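Shown next, in structure tokens, is the structure this report addresses.
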2 protein chains.
Amino acid sequence: MLSYLFTDLSSDRLEDMNASRTARERARSELTQEIKEAARRQLSVSGAQALSLRAVARELGMVSSALYRYFASRDELLTALIIDAYEALAAEIEAADRAALSADFRGRWEAACRATRAWATAHPHEYALLYGSPVPGYHAPETTIASGSRVPIALMTIVRDAHEAGALTLRDEEPLPPTLTDQAVRITEFLGSDIPNDVVIRSVTAWTQLFGMITFELFGQYANSLDPADTFFDYSVDRMADLIGLPETDQVE
Amino acid sequence: MLSYLFTDLSSDRLEDMNASRTARERARSELTQEIKEAARRQLSVSGAQALSLRAVARELGMVSSALYRYFASRDELLTALIIDAYEALAAEIEAADRAALSADFRGRWEAACRATRAWATAHPHEYALLYGSPVPGYHAPETTIASGSRVPIALMTIVRDAHEAGALTLRDEEPLPPTLTDQAVRITEFLGSDIPNDVVIRSVTAWTQLFGMITFELFGQYANSLDPADTFFDYSVDRMADLIGLPETDQVE
DNA sequence: CAAATACGAGAGCACTGCTCTTGCTTTGTC
DNA sequence: GACAAAGCAAGAGCAGTGCTCTCGTATTTG
């Protein structure tokens with residue numbers, strides 16, 4: 001008994017803050033996690049549209065109304081899944097980036113893009129949840145856009161590193177329209193760097209291209225044309241690296 | 001009475017083939033149209049997710065089961081709306097293209113892209129239906145992918161015209177990977193032209209960029225960064241024109 | 001005119017998200 | 001240690017959904 005108490009206390013100390021305290025709170029956070037897992041499982045087979053609170057409750061052997069103690073609505077559950085998915089994707093991208101040679105900026109860009117695509121094809125329904133049509137009246141709360149921005153930040157970090165290493169291909173600085181300059185400055189400030197404005201904007205263009213490409217592939221727009229899209233993907237990723245001005249890999253090795 | 005009969009017959013002759021024949025068939029095609037209109041109306045305010053057969057039936061003063069004489073399922077209704085939307089978007093793009101100077105290929109490209117964005121922002125829910133996440137178990141029937149391809153074809157036509165006019169900026173032909181060459185050849189054959197393979201692929205890249213950009217804007221990924229995305233849009237459209245090799249506008253006027 | 005066909009209405013099934021009430025258990029506080 | 005407060009699961013119920021089936025009526029076809 002006493003030993004149980006002690007181990008409980010010590011393990012509480014070791015675990016996250018939210019897992020400490022009373023048994024009820026522990027049970028609550030555990031069940032919250034189980035609900036999300038069941039929902040994620042259901043999501044990954046049938047899609048967000050078919051995600052049913054009642055089915056989740058059934059799978060956990062509880063009644064549907066009990067679920068509302070943990071998530072106030074279906075939307076709130078979806079929001080939780082969205083945040084988790086954003087974090088998972090961002091983590092994947094960051095890991096792929098870290099695994100590449102830190103001075104091979106084009107290689108890092110390619111690795112990050114490939115990781116994005118790999119995650120998307122492995123979790124199509126979760127990808128659709130993040131980058132597909134927003135659900136009916138659903139408007140993303142602040143919390144999701146915060147974790148959502150981790151993905152573009154991960155990509156922009158590579159550009160920033162390349163610029164700070166003086167590796168970016170310089171080009172004749174065509175001046176940007178004022179509005180665009182302002183927006184570029186705001187993004188640069190946010191990143192805490194001094195990337196040239198047009199490079200920032202071009203990077204955003206590359207970002208939209210990347211996700212446009214993956215979205216089209218996953219949502220079936222390539223039917224009968226680019227059906228295995230692997231080579232096209234790599235090709236486009238390289239064109240976007242050109243657009244940003246990332247140096248060729250062979251000239252840095 | 002008799003005059004009514006006569007005018008009916010004559011108007012039948014004047015109208016489309018499907019509107020001729022018996023009164024029942026006329027009523028049927030009219031009601032089919034009315035159902036689609038009501039559904040479209042409902043779609044444009046609440047989104048596809050919220051489109052309800054029963055609500056459509058209610059709006060038309062009929063009972064829900066009667067609707068099933070016209071559309072076998074909700075999915076079939078959605079499919080009809082998708083086809084109509086693809087056609088509407090393609091028509092808009094083609095019109096914008098025609099309205100531009102036929103020899104100003106970059107101008108035509110910009111006009112087509114802007115028309116796409118304009119249609120998307122004017123009909124966000126229909127855009128989401130076309131380019132957002134596919135609905136639950138829904139897998140696009142052949143008919144929709146056929147009308148869906150009218151959009152990229154409209155864009156590729158501009159590139160084809162530019163190439164046939166010898167206006168495309170030539171570049172050092174880096175050879176494409178074999179798979180990509182095959183796919184490019186297939187697309188070129190489909191278009192009935194001899195656009196260089198890498199130009200075809202770059203055009204596809206530009207196509208994905210365009211829709212990636214619009215999707216991100218409409219689905220709220222720009223929150224707090226590029227919020228009014230107008231200038232960014234124009235900028236990126238120009239970068240894609242560069243990528244394809246479309247000549248600067250001022251050098252053709 | 002008669003048979004075949006198309007049609008609208010209604011009832012009904014299985015399902016959904018969500019609310020509210022009812023008992024029970026775990027908490028924190030005198 | 002007793003007790004009120006808060007947290008919890010269960011059940012019933014509401015309003016809504018897509019979809020099916022039956023039934024009487026209207027229209028078209030032979």
Side-chain angles (χ1 to χ4, degrees), chain A residues 1 4-5 8-9 12 18-36 38-39 42-43 45-81 135-138, chain B residues 1 4-5 8-9 12 18-36 38-39 42-43 45-81 135-138:
Chain A
M1 273 297 196
Y4 269 95
L5 185 65
D8 266 13
L9 280 172
D12 279 349
N18 60 359
S20 52
R21 282 319 230 300
T22 76
R24 188 171 253 171
E25 280 177 13
R26 285 187 49 117
R28 180 179 181 82
S29 73
E30 255 179 48
L31 232 181
T32 306
Q33 211 61 30
E34 277 178 42
I35 292 171
K36 285 203 291 183
Q42 195 170 307
L43 176 77
V45 304
S46 348
Q49 188 108 332
L51 190 150
S52 145
L53 281 187
R54 296 180 108 112
V56 169
R58 234 172 295 148
E59 186 177 329
L60 298 181
M62 58 202 302
V63 83
S64 75
S65 62
L67 242 163
Y68 284 81
R69 300 243 171 226
Y70 300 87
F71 296 94
S73 69
R74 189 176 172 278
D75 273 7
E76 199 174 278
L77 213 194
L78 275 177
T79 302
L81 293 182
V135 282
Y138 185 84
Chain B
M1 273 293 198
Y4 269 94
L5 187 63
D8 266 15
L9 281 173
D12 279 348
N18 59 359
S20 52
R21 281 318 230 302
T22 76
R24 189 172 252 170
E25 281 178 13
R26 285 187 46 120
R28 180 179 181 83
S29 74
E30 255 179 47
L31 232 181
T32 306
Q33 211 60 30
E34 276 179 43
I35 292 171
K36 285 205 290 184
Q42 196 171 307
L43 175 77
V45 304
S46 350
Q49 189 110 332
L51 190 149
S52 145
L53 280 188
R54 296 181 108 112
V56 170
R58 232 172 296 147
E59 186 177 329
L60 297 182
M62 58 202 303
V63 85
S64 74
S65 61
L67 241 162
Y68 285 81
R69 300 251 174 221
Y70 300 87
F71 295 93
S73 70
R74 187 176 173 279
D75 274 6
E76 200 174 276
L77 213 194
L78 275 178
T79 303
L81 294 181
V135 284
Y138 185 83

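Bear in mind the structure is a predicted one, so any value in this text is a computation, not a measurement. Lettering follows sequence order; numbering is per chain, from 1.
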Can you tell me how far [atom2] of [Y] sits from [atom1] of [X], rounded to the nearest 0.5 angstrom?
{"X": "A:Leu60", "Y": "A:Ile35", "atom1": "CG", "atom2": "CD1", "value": "6.0 Å"}
{"X": "B:Gln42", "Y": "B:Leu53", "atom1": "CD", "atom2": "CG", "value": "9.0 Å"}
{"X": "A:Tyr70", "Y": "A:Glu76", "atom1": "OH", "atom2": "CD", "value": "13.5 Å"}

_Contact list for residues 57-68 of chain B, test salt bridge (Lys or Arg N to Asp or Glu O under 4.0 Å), sequence neighbours left out_ = B:Arg41-B:Glu59
*asked:* Can a donor-acceptor pair be found, under 3.5 Å and without considering hydrogens, that links the side chain of A:Ser46 to the backbone of A:Leu43?
replied: no
_B:Leu51 backbone acceptor or donor facing B:Arg74 side chain under 3.5 Å_ = yes
*Indicate, with a heavy-atom threshold strictly under 4.0 Å, whether A:Leu51 touches base, sugar-phosphate, or nothing.*
sugar-phosphate
*asked:* Rounded to whole Å, how long is the line connecting atom CD of A:Gln49 with atom C1' of C:dC15?
replied: 14 Å
*A:Arg69 and A:Leu31: side-chain contact (heavy atoms from CB on, under 4.5 Å), yes or no, with the steps?*
CA-CA 11 Å; A:Arg69 300 243 171 226; A:Leu31 232 181; over 6 Å; no
*Could you encode protein contacts along nucleotides 2-11 of chain C as a string, one character per nucleotide from 5' to 3', using B for base contact, S for sugar-phosphate-only contact and - for no contact, with a heavy-atom cut-off of under 4.0 Å?*
---BBBBBB-
_Terminal contacting nucleotides, 5' and 3', DNA chain D versus chain B (heavy atom, 4.0 Å)_ = D:dT17 to D:dT29
_Minimum heavy-atom distance B:Ala39-B:Val56, with the two atoms named_ = CA-CG2, 3.9 Å
